[in-house]
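Encoded as structure tokens, the structure appears first; notes follow it.
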Amino acid sequence: MIDKNLAERMKLANIKQTKQRLAILTVMQDSQQPLTVDQIYNNLIKKDITLDLSTIYRFLDLLTTKNLVIKINNIQDERHLYEINDGYHRHYLCCLECNKIIAVKHCPLEDYEKSLAQETEFKIVTHKLSVYGYCPECAKKRRK
Ligand SMILES: [Zn+2]
Ligand SMILES: [Zn+2]
């Protein structure tokens, strides 16, 4: 089952809700973190659902265009990560070792945006900020 709100937004965007598509979204929804297409594919296999990687890619691209999914770039890996856009603005902590990405909802830049808008008369819509480093597990391994 996918979130009612998400189902509603898909309807508004004229995106058909097939069984396969709902399975992809359920996997993404159940994950606490953004996922790569490979991870989505593997999670589907665990549920006995086999989909082509290209089917998953195409669907995610469609959802990204409609702003229902956020595509996150990984600086040292070509594989993008995807997460359902629930409307919350967030930042990301990216591990350079295991490529794990953790979403952080707290935004420290709201005041900065305001003063920058005043200073430049730029009508600011959004910003992106990702922080790179080593997650606790990887940091521990590196210390050894
Ligand atoms: Zn790590
Ligand atoms: Zn922010």
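As a basis for the values below, the full set of heavy atoms in this structure was taken, side chains included, without hydrogen atoms, waters or symmetry mates. Both counts, for ligands and for their atoms, begin at 1 and track the order of listing.
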| query | Quick one: do K71 and D61 make a salt bridge, cutoff under 4.0 Å? | reply | yes
Exercise. Starting from the C-alpha separation in whole Å, work towards a yes-or-no answer on ring pair (Phe, Tyr, Trp, His ring centres under 6.0 Å) for H106 and H89.
Key: CA-CA 8 Å; H106 170 74; H89 170 72; over 10 Å; no
Per residue H91, nearest N, O or S atom to the Zn ion (ligand 2) is named NE2
In H89, the N/O/S atom nearest the Zn ion (ligand 2) carries the name NE2
Vertex the Zn ion (ligand 1), ends C138/SG and C135/SG: angle to nearest 10° comes to 100°
Between C98 atom SG and C95 atom SG, the angle centred on the Zn ion (ligand 1) rounds (to 10°) to 110°
For this session: Verify, without hydrogens or angle tests, whether T55 (side chain) and L51 (backbone) share a donor-acceptor contact under 3.5 angstrom.
Result: no
Practice problem: Salt-bridge test for E83 and R90: reply yes if a basic N is under 4.0 Å from a carboxylate O, no otherwise. | Solution: yes
